[in-house]
Amino acid sequence: MSPRPNFAFSSKEIFVLNTSYILTGERLKWILAIANSSVLDCYFPLISTDVRGKTRRYFKQYVELLPIPPYETNYAYYLEPLVDYSCLAKKNDNKLQSAYFEQLIDGLVYELYFPDDIKAANKEFLLNLSELTPITDDITEAEKLAIIQREFDRLYDPRHPVRNNLETLDSVAVVRTIRDALK
């Protein structure tokens, strides 16, 4: 039970208690990015039941109804490294980086679900993101953190259009509607 989605990714073998569920398979970072988004957070109450206020039960019967769009390479190319960045930043207790990468993931998911609205408002992310450096298992922890810092510095720059679009995304009616519904 949770008031919001708390899907997590692990590449290690783990054991969970009976109140947790595990999803296995391919493209899990794609699913994670979308399942934790504001878009699906707003949608989830429409297909599930609330308990004790806005606490929701993320049971299998509801989660499998989430409208996860088919894998799109253009979006996955950015979403998957951003999931890695966010997870590693969170693991290293870098709250600003983690929150910013999660906000950027959310922006990309809005664009994935509402491309016409985002384009009409000139708030596109795909057009303004250049190549992201992937984090791979064969590099050291220090190298991974350096990649994250470099990408964060680039994308968090106040002059970068991605940051500007994130800060003004509420100007898009559908985004504002979803964010208002989640308050």
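We number each residue from 1, following the sequence as shown. Just so it is clear, the values below take in all heavy atoms, side chains as well, and ignore hydrogens, waters and symmetry mates.
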side-chain contact (heavy atoms from CB on, under 4.5 Å) between Arg163 and Asp157, worked out: CA-CA 7 Å; Arg163 181 165 176 191; Asp157 185 309; over 6 Å; no
Shared hydrophobic cluster, Val109 / Leu182 (ILVMFWY, side-chain heavy atoms < 4.5 Å): yes
Transitive ILVMFWY side-chain link Leu46 to Ile34, under 4.5 Å: yes
Check [X] against [Y] and note the closest heavy-atom contact, atom names and distance.
{"X": "Pro134", "Y": "Tyr85", "result": "N-OH, 4.4 Å"}
{"X": "Lys144", "Y": "Thr136", "result": "CE-O, 3.2 Å"}
{"X": "Leu32", "Y": "Ala8", "result": "CD1-N, 3.6 Å"}
{"X": "Ala33", "Y": "Leu79", "result": "CB-CD2, 4.1 Å"}

Verdict with reasoning, Lys29 to Asp84, per side-chain contact (heavy atoms from CB on, under 4.5 Å): CA-CA 8 Å; Lys29 291 176 187 174; Asp84 289 334; 2.6 Å; yes
Take atom [atom1] in [X]; do more than 12 heavy atoms of anything else shown fall under 6.0 Å from it?
{"X": "Gln61", "atom1": "CD", "answer": "yes"}
{"X": "Glu141", "atom1": "CD", "answer": "yes"}
{"X": "Asp138", "atom1": "CG", "answer": "yes"}
{"X": "Asn122", "atom1": "CG", "answer": "no"}

Please check if any side-chain donor atom of [X] sits under 3.5 Å from a side-chain acceptor atom of [Y], or the reverse.
{"X": "Asn128", "Y": "Glu124", "result": "no"}
{"X": "Asp106", "Y": "Ser37", "result": "no"}
{"X": "Asn94", "Y": "Ser98", "result": "no"}

CA sep, side-chain torsions, deciding dist, call: Asp50, Arg56, salt bridge (charged side-chain N to carboxylate O under 4.0 Å, His left out): CA-CA 5 Å; Asp50 286 354; Arg56 301 177 187 122; 3.6 Å; yes
For Val39, the option from Ile178, Val175, Leu112 that meets side chain to side chain contact (heavy atoms under 4.5 Å, CB included): Ile178
If we only count heavy atoms from C-beta on, is the [X] to [Y] side-chain gap below 4.5 Å?
{"X": "Arg150", "Y": "Asp153", "answer": "no"}
{"X": "Tyr156", "Y": "Leu96", "answer": "yes"}
{"X": "Arg179", "Y": "Leu169", "answer": "yes"}
{"X": "Tyr71", "Y": "Glu26", "answer": "no"}
{"X": "Ile105", "Y": "Tyr78", "answer": "no"}
{"X": "Ile118", "Y": "Tyr110", "answer": "yes"}
{"X": "Ile148", "Y": "Ile135", "answer": "yes"}

Pairwise distance [atom1]([X]) to [atom2]([Y]) - rounded to 0.5 angstrom:
{"X": "Ser38", "Y": "Arg4", "atom1": "OG", "atom2": "CZ", "result": "7.5 Å"}
{"X": "Arg154", "Y": "Gln149", "atom1": "CZ", "atom2": "CD", "result": "13.0 Å"}
{"X": "Leu132", "Y": "Ile147", "atom1": "CG", "atom2": "CD1", "result": "11.0 Å"}
{"X": "Leu145", "Y": "Lys91", "atom1": "CG", "atom2": "NZ", "result": "8.5 Å"}
{"X": "Leu104", "Y": "Leu166", "atom1": "CG", "atom2": "CG", "result": "5.5 Å"}
{"X": "Ser86", "Y": "Phe101", "atom1": "OG", "atom2": "CZ", "result": "8.0 Å"}

Parallel, tilted or perpendicular: rings of Phe44 and Tyr58 (30°, 60°): parallel
[Y] backbone acceptor or donor facing [X] side chain under 3.5 Å:
{"X": "Glu151", "Y": "Thr133", "value": "yes"}
{"X": "Ser171", "Y": "Thr168", "value": "yes"}
{"X": "Tyr21", "Y": "Lys60", "value": "no"}
{"X": "Thr177", "Y": "Ala173", "value": "yes"}
{"X": "Glu111", "Y": "Phe125", "value": "yes"}
{"X": "Arg57", "Y": "Met1", "value": "no"}
{"X": "Tyr100", "Y": "Leu155", "value": "yes"}
{"X": "Trp30", "Y": "Pro69", "value": "yes"}

Carboxylate-amine/guanidinium contact Lys95 Asp93, below 4.0 Å: yes
Asp180/Lys183 under salt bridge (charged side-chain N to carboxylate O under 4.0 Å, His left out): CA gap, chis, key distance, verdict: CA-CA 5 Å; Asp180 287 346; Lys183 288 181 184 174; 3.4 Å; yes
From CA spacing to verdict: side-chain contact (heavy atoms from CB on, under 4.5 Å), Tyr77, Leu126: CA-CA 10 Å; Tyr77 181 77; Leu126 284 184; over 6 Å; no
By side chain to side chain donor-acceptor pair (under 3.5 Å) - contacts of Lys90 (at least two apart): Glu102
Working for side-chain contact (heavy atoms from CB on, under 4.5 Å), residues Tyr43 and Leu66: CA-CA 8 Å; Tyr43 181 79; Leu66 290 172; 4.3 Å; yes
